[in-house]
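Quick note on labels: first sequence line is chain A, next is B, and so on, each numbered from 1.
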There are 2 protein chains.
Amino acid sequence: MEPVDHFRGFLKKNGLAFTSARAAILKGIVASRGHFDADALHEQLKRVGESLSCATVYRTLPLFVQSGIIKETLRSKGRARYEPAWGLEHHDHLECVACGRIIEFRDDELERLQDKVCQRHSFRPVEHRLGIRGYCSECGKKGT
Amino acid sequence: MEPVDHFRGFLKKNGLAFTSARAAILKGIVASRGHFDADALHEQLKRVGESLSCATVYRTLPLFVQSGIIKETLRSKGRARYEPAWGLEHHDHLECVACGRIIEFRDDELERLQDKVCQRHSFRPVEHRLGIRGYCSECGKKGT
DNA sequence: GATGAGATTGAGAATCACTCGCAAAATGGA
DNA sequence: TCCATTTTGCGAGTGATTCTCAATCTCATC
Ligand SMILES: [Mn+2]
Ligand SMILES: [Mn+2]
Ligand SMILES: [Zn+2]
Ligand SMILES: [Zn+2]
């Protein structure tokens, strides 16, 4: 199922309208593979000729999160960041503190162990975020 | 070694002064076992009769982080949160999305697996944060 | 396809956590 | 004690995000 169809369904189910602003923002999200923040998304849309108020971008992002089109991920420099999630498998992140690079990884055993921890505490997990900060292979060579 | 001694050493080594404001804030940190944010710390100090400017609290927290007295932890409601770290072992967190409770856990195998992930990517880790959000045992009973 | 109730938008004001600038006060080595 | 250096308080400034509200758009229904 295409993200746009899923999103239309989500909106209808909640009595919300599928507006041109929302269509444009969705296009922007799909176009930008990778992590982004509200401002970057807004800029990209401007570049493509879509001029939306930034309030609209901010207001709309939560709808995309709720519908599962995107996920909120680790925030950076005081800004909330997001990444596409529709049809993509969960993963966690390595963040280079030197160059800012973000490396994605998935480790099934890590996921399994987290579930075990939750069971041990009778905790029903909904989502988790693991961010490991350090030096990527490139920056590791140069630095200390 | 007591935190206050460690902190004095840290300050001296960096040409900084051990002021009464810093002493008071340290006392506040030690007193408040558990997670706290800048505002809560400021309020607590006020309650004990210490009246510091909140700018001073904000300015001082990074010193405690750098010296290893506290750690920054998962932020909540838009505020940076901290927890005592001096002499305490690293751990991660379960956060109840219903009641806000925070459950701490430590899992050595989870830590080991993270190191393996880093090796696999030639990544030198500095710190990591794992936060699992979901329903605690109490809230799990009531809810869906 | 016209209508209207209800949802959405743009623009700017408002929030809120946090940071800055600066003059006055505190610190600590000599 | 003296003074170069650091700190502090206060208020103003930031920057991301949210709110207000009048004007505009959607879409189920006619
Ligand atoms: Mn990612
Ligand atoms: Mn903790
Ligand atoms: Zn790097
Ligand atoms: Zn709970």
Give me the ring orientation class for [X] and [Y]: parallel if the planes are under 30° apart, tilted from 30 to 60°, perpendicular past 60°.
{"X": "B/H90", "Y": "B/H128", "value": "perpendicular"}
{"X": "B/F64", "Y": "B/F7", "value": "parallel"}
{"X": "B/H35", "Y": "B/H93", "value": "perpendicular"}

Quiz item: Reading nucleotides 10-23 of chain C from the 5' end, what letters show protein touch, with B for base, S for backbone sugar-phosphate only, - for no heavy atom under 4.0 Å?
Solution: BBB----SSBBB--
Quiz item: In terms of side-chain geometry, is the basic nitrogen of A/D37 or A/K77 positioned less than 4.0 Å from the acidic oxygen of its partner?
Solution: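 Looking at A/K77 together with A/D37, the answer is no, because their closest N to O distance does not fall below 4.0 Å.
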Exercise. Give a yes or no on whether A/R8 atom CZ has more than 12 heavy-atom contacts from other residues, nucleotides or ligands under 6.0 Å away.
Key: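 No, CZ of A/R8 has 12 or fewer neighbouring heavy atoms, counting only those of other groups under 6.0 Å.
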Quiz item: Does CZ in B/R33 sit with more than 12 non-hydrogen atoms of other residues, nucleotides or ligands closer than 6.0 Å?
Solution: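 Check fails, neighbour count at 12 or below.
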Practice problem: Under the side chain to side chain contact (heavy atoms under 4.5 Å, CB included) rule, collect the residues that match up with A/K27, sequence neighbours excluded. | Solution: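 If we apply the side chain to side chain contact (heavy atoms under 4.5 Å, CB included) test to A/K27, skipping adjacent residues, there are no hits.
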Quiz prompt | Terminal helix-axis angle for the helix from C/dG1-D/dC30 to C/dA30-D/dT1, with five pairs defining each axis and rounding to 10 degrees | solution =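 Helix axis angle between the two ends: 30°.
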Exercise. Determine yes or no for a side-chain-to-main-chain donor-acceptor pair under 3.5 angstrom, with B/N14 supplying the side chain and B/L16 the backbone.
Key: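 Not a single qualifying donor-acceptor pair exists.
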Practice problem: List in numerical order all residues of residues 25-32 of chain B for which some heavy atom is under 4.0 Å away from an atom belonging to DNA chain C. | Solution: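 Those residues: none at all.
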Quiz item: Tell me the salt bridge (Lys or Arg N to Asp or Glu O under 4.0 Å) pairs involving residues 125-134 of chain A, sequence neighbours left out?
Solution: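 Residue pairs passing salt bridge (Lys or Arg N to Asp or Glu O under 4.0 Å), neighbours aside: A/E127-A/R129, A/E127-B/R133, A/R133-B/E127.
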Between [N] ([atom2]) and [X] ([atom1]): distance, integer Å:
{"X": "A/F7", "N": "C/dT8", "atom1": "CZ", "atom2": "C1'", "result": "12 Å"}
{"X": "A/L61", "N": "D/dT17", "atom1": "CG", "atom2": "P", "result": "9 Å"}
{"X": "B/H42", "N": "D/dT8", "atom1": "NE2", "atom2": "P", "result": "12 Å"}

Quiz item: Would you call A/D115 and A/P125 a side-chain contact if the rule is heavy atoms closer than 4.5 Å?
Solution: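 Heavy-atom side-chain distance check passes, below 4.5 Å.
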Quiz item: Is there a side-chain contact between A/F105 and A/L110, using heavy atoms and a 4.5 Å cut-off?
Solution: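 Of all side-chain heavy-atom pairs linking A/L110 with A/F105, at least one is under 4.5 Å.
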Quiz item: Linking I/L/V/M/F/W/Y whenever any side-chain heavy atoms sit under 4.5 Å apart, do B/L74 and B/L130 land together?
Solution: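 No, it is not one cluster - the side chains of B/L74 and B/L130 are not joined through contacts under 4.5 Å.
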Practice problem: Identify the residue among B/E83, B/E111, B/R106 that makes a side chain to side chain donor-acceptor pair (under 3.5 Å) with B/H91. | Solution: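 Considering B/E83, B/E111, B/R106, a side chain to side chain donor-acceptor pair (under 3.5 Å) with B/H91 is found only for B/E83.
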Are there any protein N/O atoms within less than 3.5 Å of an N/O atom in nucleotides 27-30 of chain C, and if so, which ones and at what distance?
unit_1: C/dG28; atom_1: OP1; unit_2: B/F18; atom_2: N; d: 3.1

